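Okay, so here's the structure we're looking at.
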Amino acid sequence: MTISAPEWLTKRGGTLRPGGDARVWFVVFRGEPQYKLTPVPVDGKFGCAVMQTINGKRIESATRADTPEEALRGGLEDLRKALGW
């Protein structure tokens, strides 16, 4: 799965990196993973589980998409909103 970091993330010095599991992606700041995004099945579609890595806190994501890639993009947008950016 290939996904690029959105502009709002790169403008703030962040990057997007794949995790060890092919489904998992990390939002990274200053070389440290801060958020973990994972597409998950939801009612025949895909949602995105978004979790802060340092404390396990979940970020609410109402994303529903047809593909895992779309779910990740939706999860990134939900994260952007939660961060107030």
Side-chain angles (χ1 to χ4, degrees):
M1 179 170 23
T2 302
I3 187 167
S4 58
E7 184 179 351
W8 65 263
L9 180 60
T10 58
K11 278 185 173 182
R12 290 168 175 84
T15 61
L16 192 60
R17 293 191 191 154
D21 179 333
R23 298 178 317 130
V24 175
W25 287 79
F26 290 97
V27 172
V28 178
F29 290 101
R30 296 184 188 146
E32 298 293 327
Q34 300 295 313
Y35 297 92
K36 175 180 162 183
L37 291 88
T38 309
V40 293
V42 178
D43 298 328
K45 293 196 177 257
F46 292 93
C48 189
V50 182
M51 182 186 74
Q52 193 169 8
T53 60
I54 62 169
N55 60 15
K57 180 182 175 188
R58 291 188 64 126
I59 306 295
E60 288 299 318
S61 176
T63 295
R64 298 296 176 266
D66 292 326
T67 68
E69 291 87 357
E70 290 173 5
L72 282 170
R73 282 190 279 280
L76 283 165
E77 181 62 16
D78 292 335
L79 176 59
R80 182 192 67 78
K81 290 175 186 174
L83 294 172
W85 293 343

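Heavy atoms only: backbone and side chains are in, while hydrogens, waters and symmetry mates are out. Just so we're clear, the structure is a prediction, and the values are computed from it rather than from any experiment. We're numbering straight along the sequence, starting at 1.
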Discussion item. Hydrophobic clustering (ILVMFWY, side-chain heavy atoms < 4.5 Å, transitive) - are Val28 and Met51 grouped together?
Written reply: no
Practice prompt. Return the minimal non-hydrogen interatomic distance between Arg17 and Thr15, and the atom names on each side.
Written response: NE-OG1, 3.9 Å
Practice prompt. To the nearest 0.5 Å, tell me how far Thr38 OG1 sits from Arg23 CZ.
Written response: 6.0 Å
Worksheet, complete the sentence: Looking only at heavy atoms, the pair that brings Arg58 and Ala49 closest together is NH2-CB, 3.4 Å
Discussion item. Side-chain heavy atoms nearer than 4.5 Å, only ILVMFWY residues, links allowed to pass through others: does that put Ile59 and Phe46 together?
Written reply: no
Response to the item:
Of all heavy-atom pairs linking Ala5 and Leu16, the shortest is CB-CB, 3.9 Å
Discussion item. Can you tell me how far apart OG (Ser4) and CG (Leu9) are? Round to the nearest 0.5 Å.
Written reply: 10.5 Å
Fill in: Test item: Val24 and Leu37 side chains (from C-beta on) under 4.5 Å apart, heavy atoms
no
Response to the item:
Scanning both residues in full, the closest heavy-atom pair of Gly19 with Phe26 reads CA-CE1, 3.6 Å
Residues 69-85, side-chain donor-acceptor partners within the protein, below 3.5 Å, at least two apart:
residue, atom, partner, partner atom, Å
Glu70, OE1, Asp66, N, 3.3
Glu77, OE1, Arg80, NE, 3.1
Glu77, OE2, Arg80, NE, 3.1
Glu77, OE2, Arg80, NH2, 2.4
Asp78, OD2, Ser61, OG, 2.5
Asp78, OD2, Ala62, N, 3.4
Asp78, OD2, Thr63, OG1, 2.8
Arg80, NH1, Trp85, O, 2.3

Response to the item:
Output for pair (Gln34 CD, Gln52 CD), nearest 0.5 Å, gives 7.0 Å
Worksheet, complete the sentence: Across all chains, not counting sequence neighbours, the side-chain hydrogen bond (donor to acceptor under 3.5 Å, both in side chains) partners of Asp43 are none
